[in-house]
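Report on the following structure.
Just the heavy atoms: all of them, side chains too, but no hydrogens, waters or symmetry mates, feed the values below. Naming convention: chains lettered A, B, ... in sequence-line order (proteins, then strands); numbering from 1 in each chain.
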There are 4 protein chains.
Amino acid sequence: MPTSSSSGPQHRRGNTRQRIQDIALELFAEQGYEKTSLREIAERLDVTKAALYYHFKTKEDIIISLFEDVTRPIDELIAWADAQPRTLETKREVLRRYSEAMAAGAPLYRFMQENQATTRELSIGHTVKTRLFHLVELLRTQDGALADQVRCVSALFTLHAGMMFLQHIDGDPEETRRAALEVATDLITQAHHDA
Amino acid sequence: MPTSSSSGPQHRRGNTRQRIQDIALELFAEQGYEKTSLREIAERLDVTKAALYYHFKTKEDIIISLFEDVTRPIDELIAWADAQPRTLETKREVLRRYSEAMAAGAPLYRFMQENQATTRELSIGHTVKTRLFHLVELLRTQDGALADQVRCVSALFTLHAGMMFLQHIDGDPEETRRAALEVATDLITQAHHDA
Amino acid sequence: MPTSSSSGPQHRRGNTRQRIQDIALELFAEQGYEKTSLREIAERLDVTKAALYYHFKTKEDIIISLFEDVTRPIDELIAWADAQPRTLETKREVLRRYSEAMAAGAPLYRFMQENQATTRELSIGHTVKTRLFHLVELLRTQDGALADQVRCVSALFTLHAGMMFLQHIDGDPEETRRAALEVATDLITQAHHDA
Amino acid sequence: MPTSSSSGPQHRRGNTRQRIQDIALELFAEQGYEKTSLREIAERLDVTKAALYYHFKTKEDIIISLFEDVTRPIDELIAWADAQPRTLETKREVLRRYSEAMAAGAPLYRFMQENQATTRELSIGHTVKTRLFHLVELLRTQDGALADQVRCVSALFTLHAGMMFLQHIDGDPEETRRAALEVATDLITQAHHDA
DNA sequence: GATGAATGAGCGTTCATTCAT
DNA sequence: AATGAATGAACGCTCATTCAT
């Protein structure tokens, strides 16, 4: 019921909305969206299910609100990149920023990575997909060899891999992130030079 | 004289089990595991839900049976590779065979890719993860630079990316698969030479 | 110099109670009592649900308040008729006035007609029923033939029918009302003469 | 473990569907459709709510199934009447048959009468309304005086009134029904002769 | 004169699963 | 080899209502 103001601090007393988002994200990332019930979220917050409905109209609304926070930086990145010349340096900057955005919104990106099927069926699914395609388009070396096209996509996937997979192996996530960024940058550089 | 002929009333034989698996895989890949109900599967097959329970003890059993078919080739690949010297050529062969195995079991790989959270929580989850780590181990350049380690993981992810993502963009899947394989091979080659 | 002007912030004054009643009646008549939620009423008024509770103790209280306005004329009619001799002319006057009362409170009468079950279970249900029986008693030709008794009840129903049903068919409601009144009057006249 | 050791017969056999319909109709007529919950119906039958869903797809489906049984005779009546000349005798026969149909399906007709708003919003609502209009059309004296049109509608309403209202007053329902039929017949006769 | 935040009860519905036949 | 009938648990959601502010 409270209007989701675009920005500005919500009445701090009513931090319940925020708490719902936090716990929900945690549980969604841990167990998946459909396996997480509203009862579970409510219990964790020590409120009733009905209280959730005061703050969000549906279960899907909760996850959508999480996506909104996280995709704004990507939208800005895309807007910025669209206005730049499609040089190698621009592409590198895109990867750099994307990597940072991912690090900042890690839990939700993890959720997206591990629940692609769910994400796709959600109402934001289309948007997410479109954005990803747009990013690929920004990196892609048009009319290049097929292998080079793959390299551009792979660069993006490498960033994801760096965050998701390697975090289980190595110690410092930040170091790993930079290594992944390096590899990704190598990939697009190679694709760029082939053209 | 006993009737040796097998011309009795056409018994559709034990193909129902197979049909369940086919439809289930199709639906799981399309909508995810938890969003696919046994009712839906049964309806598609024009049998009752109870019939599914004649062939499989639980819903999870159905998906486990699908995994079994598909992971056998990977187990064999791992067994083979473990017996080889860890040369670059061996690694290339591993990627080659893995790529082929993925192509052969595409729908289930797609399911795994898009439902990682679900897969993880399934009873086969641990096995799948272990196998994947094992594969990474086979490709990895131990004690190399972090970036090279990333490259090895990225090689595997590139194969997935090639299958999942690019199939929406390009025409011929086989051509795309080979391009992805090429890029993946490049990645491990580079990692290997750095060492 | 004190501002004598009345151009301050428009205080809608105590008209909110009235507005609640208006919207509530509209919605109750349109969708029924139980299908109309307080949330809906509040939204239509652009206030919160809690505001409704400032003006009415319960949901039922809202509808009771509506009934009160509308049944007062009927109570007066009954009181008047009880003091008259039970002549044909009195009966005619009862029908005439009842028809007018219905026309004046049309929406609520429509609600009553279409939600008899609900009305019956409401706390005013008994009162409404009693009043109706009382009216019938006023019109009835005691100890007459059964058919004549039916005619008296039917006269009342005809008035309702005229308002509810025919309004969908014909143009001018007032004309229809008078026609229904004519038929109803005929019915009691006939019953009266038979006796 | 619901072995409540109640003395009931172990094999309820295939009569459950029927039992659901019976109890549902009883409760719907008594308390209205929306005030009757599936829990209540199930409890009365000593089964679980889920059992209802084996037999009916939705709550609305239950009531629709009840309507189907009851409106078939009306459809047949309309079909028959449409094929007859629109004489007074035909009209009388329509009323006669309609009155009988109502008596046969009394509980549902009572439900319809007392829950018109609900009925209207149900998926069968439109059908019911259409049928009623069709009946009126069959009885109506086209281009006659407005009062005569009212008489025809009133004839139908009188039948309803006879069943619903008078049953509370008098003893023998069958006798009352015939009296109502007589009055209704009078009404259309009068309308017919005026023309 | 009204809101923000929440509750407790209940609803219709769906699910995986069972078992006698 | 499969069905008919049912269950128990849970789910997402809505409702009328309360109360401190």
Side-chain angles (χ1 to χ4, degrees), chain A residues 1-2 10-11 13-17 34-42 45-62, chain B residues 11-17 34-42 45-62, chain C residues 11-17 34-42 45 47-62, chain D residues 1-2 10-17 34-42 45-62:
Chain A
M1 176 56 150
Q10 283 292 108
H11 291 322
R13 235 325 176 235
N15 62 339
T16 302
R17 196 188 142 94
E34 25 259 324
K35 294 244 296 184
T36 303
S37 71
L38 295 184
R39 179 184 51 70
E40 209 175 346
I41 298 176
L45 289 166
D46 206 41
V47 295
T48 61
K49 274 190 290 172
L52 306 183
Y53 279 91
Y54 178 76
H55 296 281
F56 296 94
K57 256 180 52 178
T58 64
K59 185 187 180 187
E60 196 172 341
D61 250 41
I62 298 179
Chain B
H11 31 278
R12 287 108 137 212
R13 259 221 8 222
N15 70 332
T16 298
R17 197 188 141 93
E34 26 259 323
K35 294 246 295 185
T36 302
S37 69
L38 295 186
R39 177 182 52 68
E40 208 174 348
I41 297 174
L45 289 166
D46 209 41
V47 295
T48 61
K49 274 186 292 175
L52 305 183
Y53 279 90
Y54 179 81
H55 294 283
F56 296 94
K57 253 182 58 172
T58 65
K59 185 187 181 186
E60 197 172 338
D61 254 38
I62 297 179
Chain C
H11 33 276
R12 288 108 135 210
R13 255 220 11 220
N15 67 334
T16 298
R17 198 189 140 91
E34 25 259 323
K35 295 246 296 185
T36 302
S37 68
L38 295 185
R39 178 183 52 69
E40 208 175 347
I41 297 175
L45 288 166
V47 295
T48 61
K49 272 186 293 173
L52 305 183
Y53 280 89
Y54 179 81
H55 294 283
F56 296 94
K57 256 182 55 173
T58 66
K59 186 187 182 187
E60 198 172 338
D61 254 40
I62 298 179
Chain D
M1 354 138 208
Q10 265 314 91
H11 39 47
R12 272 90 155 245
R13 285 282 308 275
N15 64 335
T16 301
R17 197 188 142 94
E34 26 260 322
K35 295 244 298 184
T36 302
S37 71
L38 294 184
R39 179 185 51 70
E40 212 175 343
I41 297 175
L45 289 166
D46 206 41
V47 295
T48 62
K49 273 192 290 173
L52 305 183
Y53 279 90
Y54 178 76
H55 296 282
F56 297 94
K57 257 180 54 178
T58 64
K59 186 187 180 187
E60 197 172 339
D61 250 42
I62 298 179

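Nearest nucleotide to the side chain of His55(D), out of dA6(F), dA16(E), dA1(F): dA6(F). The side chain of Thr48(C) has dG4(E) as its nearest neighbour among dC15(F), dG4(E), dA16(E). For Tyr53(D), counting side-chain heavy atoms from C-beta on, the closest listed nucleotide (dT3(E), dT7(F), dT13(E)) is dT13(E). Among the nucleotides dT13(E), dC15(E), dG12(F), the one closest to any side-chain atom of Ala50(D) is dC15(E).
In this structure, Lys59(D) atom NZ and dG12(E) atom C1' are separated by 8 Å, rounded to whole Å. The separation between Leu38(D) atom CG and dA9(F) atom P is 19 Å, rounded to whole Å. Summarising the geometry, the separation between CZ on Arg17(B) and P on dA1(F) is reported as 12 Å, rounded to the nearest angstrom. Distance, Leu45(C) CG to dA2(E) C1': 13 Å, rounded to whole Å. Lys35(C) places its NZ atom 16 Å from the P atom of dC11(E), with the value rounded to the nearest Å. If you measure from atom CG of Asp46(D) to atom C1' of dT7(F), you get 12 Å, rounded to the nearest angstrom. For the pair Ile41(D) CD1 and dT13(E) P, the interatomic distance rounds to 11 Å; values are reported in whole Å. Atom CD of Glu34(A) is separated from atom P of dC15(E) by 12 Å (rounded to the nearest Å).
Residue Ser37(A) has no polar side-chain atom (N or O) positioned under 4.0 Å from OP1 or OP2 of dA10(F). Residue Arg39(C) has no polar side-chain atom (N or O) positioned under 4.0 Å from OP1 or OP2 of dA16(F). Distances shown here put every side-chain N or O of Thr58(D) at or beyond 4.0 Å from the OP1 or OP2 atom of dG12(E). Contact annotation: Tyr54(D) reaches the phosphate of dA5(F) (side-chain N/O to OP1 or OP2, under 4.0 Å).
Nucleotide dT3(E) is matched to dA20(F) when pairs are restricted to Watson-Crick or G-U wobble geometry with both distances under 3.5 angstrom. Base pairing annotation: dC11(E) forms a Watson-Crick or G-U wobble pair with dG12(F), both donor-acceptor distances under 3.5 Å.
Heavy atoms only, all atoms of each residue included: Leu38(B) and Leu52(B) are closest at O-CD1, 3.6 Å. Across all their heavy atoms, Glu34(C) and Lys59(C) have their closest contact at CA-NZ, 3.9 Å.
For the atom pair Asp61(C) CG and His55(C) NE2, the distance stands at 13.0 Å (nearest 0.5 Å). The line from CZ of Arg17(A) to OH of Tyr54(A) is 11.0 Å long, rounded to the nearest 0.5 Å.
Looking at which nucleotide of DNA chain F each of Ala51(D) and Thr36(A) is closest to, the 5′-most match is held by Ala51(D). Nucleotides of DNA chain F nearest to Lys49(D) and Leu52(B) differ in position, and the one nearer the 5' end is that of Leu52(B).
The backbone N or O of Ser37(D) sits nowhere less than 3.5 Å from a side-chain atom of Lys49(D) that would complete a donor-acceptor pair.
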